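Here the structure is a predicted model, which means the values were calculated and not measured.
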Amino acid sequence: MILSERATQVKTSASLKVTAKAQNLNISGFDVINLGTGEVDFPTPLHIKEAAVEAINGTLPKYTAVEGILELREALCDKFFADYGVKYEPENAVISNGAKQALMNTIFSLVGQSDEVIISAPYWQSYMELVLLAGGVPVIVYTKEERGYKITPEELKQVVTPKTKAIIINSPNNPTGAVYTKSELEAIADFACKNDLFIISDEVYDKMIYSRKVQFTSVASLGEEVKKRTVVINSFSKTYSMTSWRIGYALADKKIAKAMAKIQSHTTSNVNVVSQFAALAALKGGDEIIESNITELKRRRDYMVQRISDLPYLRSLKPVGGLYILVNVSRLYGEKVGDVEIKSGRDVASILFDKYNLAVVAGDVFGCEDCIRLSFAASMKDIIVGINRIENFIKQNF
Ligand code: PLP
């Protein structure tokens with residue numbers, strides 16, 4: 001029995017894998033701290049849960065429209081207009097099972113066999129895998145740490161070809177925490193327009209910015225021409241602590257939205273209706289809860305950044321947004337821990353897991369071999385214990 005090339009070549013999501021491994025060991029009585037997952041430990045807000053219960057106890061619709069119930073798509077357009085001043089209509093919106101499915105729908109709608117998609121590294125792992133699954137070719141641009149890991153039009157110029165179909169932008173970024181300024185995005189958008197490219201703008205961390213001086217810009221807000229060629233991807237997972245509810249969305253030109261809904265009609269149909277009503281409550285429930293969550297996440301980020309910068313051999317940029325710190329471990333190379341000579345972030349991640357019961361994600365899956373990624377979405381208690389374990393690892397071995 002031979003599986004398809006697609007199935008054999010696709011890689012498992014590294015952060016989901018490390019999380020499952022940590023959870024399984026904890027069930028067996030180990031004390032593994034998980035700084036691998038981008039999942040905030042805050043509960044889903046009560047008013048959202050109550051709306052879900054009310055929906056279950058009411059007259060639930062059966063199958064809904066593939067692209068989601070009209071009230072939700074209307075509320076989404078209203079919220080996007082209120083937040084970013086960009087006007088969309090319900091026909092522009094497709095509700096999906098998380099941002100992940102929205103990305104899959106988008107990439108499968110835009111990217112054909114051998115079409116090239118520009119992805120800046122460090123990148124979120126699924127972009128690569130989804131482009132490959134669609135038969136496309138990921139073209140990776142390795143951005144520079146000293147430039148805050150942000151891609152520039154000059155770098156784009158060097159890799160664009162007649163086969164380039166799209167650029168993926170992720171700001172705030174997973175795993176680097178970089179947030180593009182409006183003028184940086186304008187320059188990229190201008191490049192996309194001149195070269196007739198789509199922009200896939202993954203904005204799932206739009207609310208997670210920790211500096212008052214930095215403002216989030218949605219790529220879709222950069223004018224009609226840019227908006228037409230942009231697919232905005234977002235999710236309820238991070239903003240409303242709803243990872244397991246599996247609900248996200250895309251906002252796109254109507255022709256693209258239609259294509260995405262067609263694809264989704266053959267894969268999952270509509271998102272489960274309880275989550276749709278819960279998401280509606282999230283959009284209508286005000287942003288106070290988001291603001292208090294951000295204050296707490298900033299506290300965790302600041303603590304983690306400080307502790308990492310106090311440790312010798314490790315180096316990281318202070319993330320402006322997102323949920324992660326990318327830590328460069330290359331100064332440990334050549335040293336031995338037991339029999340293992342450290343040659344990569346993956347070696348460090350393995351040692352931390354096997355010897356220090358600490359789950360982190362190895363940077364190679366993000367296109368950054370010299371790094372490990374730590375998440376400050378974990379509880380403060382876990383962050384403190386987790387960083388203590390990294391400190392022990394450093395003190396005991398170097
Ligand atoms: N995009 C980025 C950059 C992410 O980090 C994640 C999840 O970690 C997603 C999309 C997927 O989000 P969702 O849970 O809504 O599928």
Side-chain angles (χ1 to χ4, degrees), residues 16 19 23 34 37-84 88-90 92-102 203-209 216 218 232-251 261 264 268-300 322-323 375-382:
L16 294 183
T19 299
Q23 279 169 349
N34 184 5
T37 321
E39 178 168 64
V40 284
D41 69 323
F42 312 136
T44 303
L46 192 59
H47 68 280
I48 298 177
K49 292 198 276 194
E50 280 172 353
V53 171
E54 206 175 296
I56 291 171
N57 290 329
T59 324
L60 274 180
K62 305 289 184 188
Y63 288 129
T64 75
V66 169
E67 55 272 33
I69 55 173
L70 184 61
E71 304 94 293
L72 177 56
R73 286 180 291 129
E74 280 171 347
L76 200 55
C77 297
D78 291 347
K79 182 83 171 86
F80 204 78
F81 183 71
D83 286 354
Y84 305 125
Y88 280 111
E89 292 172 10
N92 297 111
V94 180
I95 311 295
S96 299
N97 290 273
K100 219 172 232 183
Q101 188 183 25
E203 304 182 357
V204 300
Y205 298 104
D206 60 341
K207 303 293 180 206
M208 295 177 173
I209 293 185
F216 171 77
S218 173
V232 171
I233 304 289
N234 211 320
S235 172
F236 293 82
S237 293
K238 317 284 175 179
T239 312
Y240 299 101
S241 314
M242 290 176 74
T243 43
S244 61
W245 297 70
R246 304 313 302 135
I247 185 156
Y249 58 89
L251 292 167
Q264 186 165 306
T268 57
S269 303
N270 60 270
V271 170
N272 90 71
V273 71
V274 179
S275 287
Q276 292 194 54
F277 280 105
L280 184 58
L283 291 174
K284 297 205 159 180
D287 283 354
E288 294 77 21
I289 188 77
I290 302 176
E291 282 154 22
S292 71
N293 287 350
I294 299 309
T295 305
E296 173 57 18
L297 286 169
K298 180 178 182 308
R299 189 172 79 94
R300 297 178 190 184
L323 291 176
S375 163
F376 52 87
S379 70
M380 196 61 177
K381 182 175 146 282
D382 280 3

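With rounding to the nearest 0.5 angstrom, the CD atom of Glu89 is 13.5 Å from the CG atom of Leu76. If you take NZ on Lys238 and CD1 on Ile290, they are separated by 14.5 Å, rounding to the nearest 0.5 Å. For the atom pair CG (Asp83) and CG (Asp287), the distance works out to 6.0 Å, reported to the nearest 0.5 Å. In this structure, Leu72 CG and Lys284 NZ are separated by 9.5 Å, a value rounded to the nearest 0.5 Å. Atom CG of Asn34 is separated from atom OG1 of Thr19 by 4.5 Å, given to the nearest 0.5 angstrom. Rounded to the nearest 0.5 Å, atoms OH (Tyr88) and OH (Tyr249) are 10.5 Å apart.
The two residues Tyr240 and Ala282 come nearest to each other via the heavy atoms CE2-O, 3.5 Å. Scanning all heavy atoms of the two residues, the minimum distance from Gln264 to Asn270 falls at NE2-CA, 4.4 Å. Here the closest non-hydrogen pair linking Glu74 and Pro90 is CG-CG, 3.6 Å. Nearest heavy atoms, Val204 versus Asn234: CA-OD1, 3.4 Å. Closest approach of Thr239 to Met208, counting heavy atoms only: N-CE, 4.2 Å. Contact detail for Glu203 and Ser218: the closest heavy-atom pair is OE1-OG, 3.0 Å.
Here the two rings, on Phe216 and Tyr205, have centers that are 6.0 Å apart or farther.
Counting heavy atoms from C-beta outward, Ile289 and Phe42 have side chains that stay 4.5 Å or more apart. Under the 4.5 Å side-chain criterion, counting only non-hydrogen atoms from C-beta, Val40 is not in contact with Asn293.
Side-chain atoms of Glu67 never come within 3.5 Å of backbone atoms of Ala93 as a donor-acceptor pair (strictly under, hydrogens ignored). With Ser235 contributing its side chain and Ser237 its backbone, the two residues share a donor-acceptor pair below 3.5 Å. The closest donor-acceptor contact from the side chain of Arg300 to the backbone of Ala377 lies under 3.5 Å. No donor-acceptor distance shorter than 3.5 angstrom exists from the side chain of Thr44 to the backbone of Met242, with no hydrogens or angles considered.
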Apply side-chain contact (heavy atoms from CB on, under 4.5 Å) to residues Arg246 and Lys100 and explain how you reach the verdict. CA-CA 9 Å; Arg246 304 313 302 135; Lys100 219 172 232 183; 4.2 Å; yes

Is there a side-chain contact (heavy atoms from CB on, under 4.5 Å) between Phe236 and Leu283 once you walk through the steps? CA-CA 9 Å; Phe236 293 82; Leu283 291 174; 3.7 Å; yes

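Open room surrounds CD on Glu54; 12 or fewer heavy atoms of other groups in view lie less than 6.0 Å from it.
A salt bridge does not link Lys381 with Asp41: none of the charged nitrogens is closer than 4.0 Å to a carboxylate oxygen.
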